[in-house]
Protein chains: 2
Amino acid sequence: MSAAESFSIDAGSSGVLKLGMNTIHNRIRKLRFDADEMTQQELADRIGVTRQTVVAIEGAKYSPSLAIAFRIAEVFAVPLDQVFRYGQESFTG
Amino acid sequence: MSAAESFSIDAGSSGVLKLGMNTIHNRIRKLRFDADEMTQQELADRIGVTRQTVVAIEGAKYSPSLAIAFRIAEVFAVPLDQVFRYGQESFTG
DNA sequence: ACATAATGTCAAATATATTATACATGAACT
DNA sequence: AGTTCATGTATAATATATTTGACATTATGT
């Protein structure tokens, strides 16, 4: 586990985006650490956005474009629904 | 089949969005007609956007937000990957 | 012939996503 | 103590998505 993770108390950036009555959860952070602790900068480079964008999406500050969502899933080689999920439930699968 | 469909020759709006080397296909039009020929206006109302937005997304003029993508899938009661697909292949399944 | 409904399109305005730059913090290391 | 790395945050600028309002076309029905 690298530097920033151990002190991140998931305060502002919980990975849950509320919009209307529904929410979008994402597992980007987990996928990054599972993928040899890939850094936010590395992920940003691989999907062709800036680090700030990764921070915002991972922290669910806003809803990314579908194109970027697909590229993130592509990087981790998983289907989109294993990165983002819609509804009230948390990620369990 | 209602009015507009029979003369639409799929000229500008092919439902395929190219970005970078990859593409995003969508089946919104098919899903609409399968769903009792739901109109663009009806779909727009149900996902909370304007008709022009539905036209643009259906015609793949740009990449919608993930939130809207999820709401579209929700309306048709299918998983997201049955509405939008990423990559070179067309929809077959 | 006329009206209506569904769609495609266009241009300008607004909202939101994304970038660019900069600074702060804690962990790991020397 | 000092340095580096990964992260969180903030603000202004730019790009893109979405809205608003309007108009054209074709099909369907009267």
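By convention in this document, chain letters (A, B, ...) are assigned in the order of the sequence lines, proteins followed by strands, and residues within each chain are numbered from 1. Model, not experiment: these values are computed from the prediction.
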query = Which one, D:dT9, C:dT19, D:dT19, comes nearest to the side chain of A:T50?
reply = C:dT19
Check whether any side-chain N or O of [X] sits under 4.0 Å from OP1 or OP2 of [N], and answer yes or no.
| X | N | answer |
| --- | --- | --- |
| A:Q40 | D:dC5 | no |
| A:S65 | C:dT18 | yes |
| B:R29 | C:dG8 | yes |
| B:T53 | D:dT19 | yes |

Output the rounded distance in Å from [atom1] ([X]) to [atom2] ([N]).
| X | N | atom1 | atom2 | value |
| --- | --- | --- | --- | --- |
| A:E37 | C:dA28 | CD | P | 11 Å |
| A:Y62 | C:dT19 | OH | C1' | 9 Å |
| A:I47 | C:dA17 | CD1 | P | 15 Å |
| A:R71 | C:dT18 | CZ | P | 9 Å |
| A:I57 | C:dT16 | CD1 | C1' | 13 Å |
| A:E58 | C:dT18 | CD | P | 15 Å |
| B:Q41 | C:dT7 | CD | P | 9 Å |
| B:Q52 | C:dA12 | CD | P | 16 Å |

request  = Could you tell me whether the side chain of A:T39 reaches within less than 4.5 Å of the side chain of A:R51, counting heavy atoms only?
outcome  = no
request  = Check whether any side-chain heavy atom of B:F76 lies under 4.5 Å from a side-chain heavy atom of B:Q82, and answer yes or no.
outcome  = no
ask   = Between A:L80 and B:Y86, does a side chain to side chain contact (heavy atoms under 4.5 Å, CB included) hold up when you go through it step by step?
value = CA-CA 10 Å; A:L80 186 59; B:Y86 185 65; over 6 Å; no
note = Taking for B:T39 and for A:R51 the nucleotide of DNA chain C with the nearest heavy atom, the one nearer the 5' end belongs to B:T39
Side-chain ion pair, A:R32 and A:E42, N-O less than 4.0 Å = no
inquiry  = Set out, in order, the CA-CA distance, both residues' side-chain angles and the distance that settles side chain to side chain contact (heavy atoms under 4.5 Å, CB included) for A:L43 and A:I28, then state yes or no.
reply    = CA-CA 10 Å; A:L43 176 56; A:I28 299 175; 3.7 Å; yes
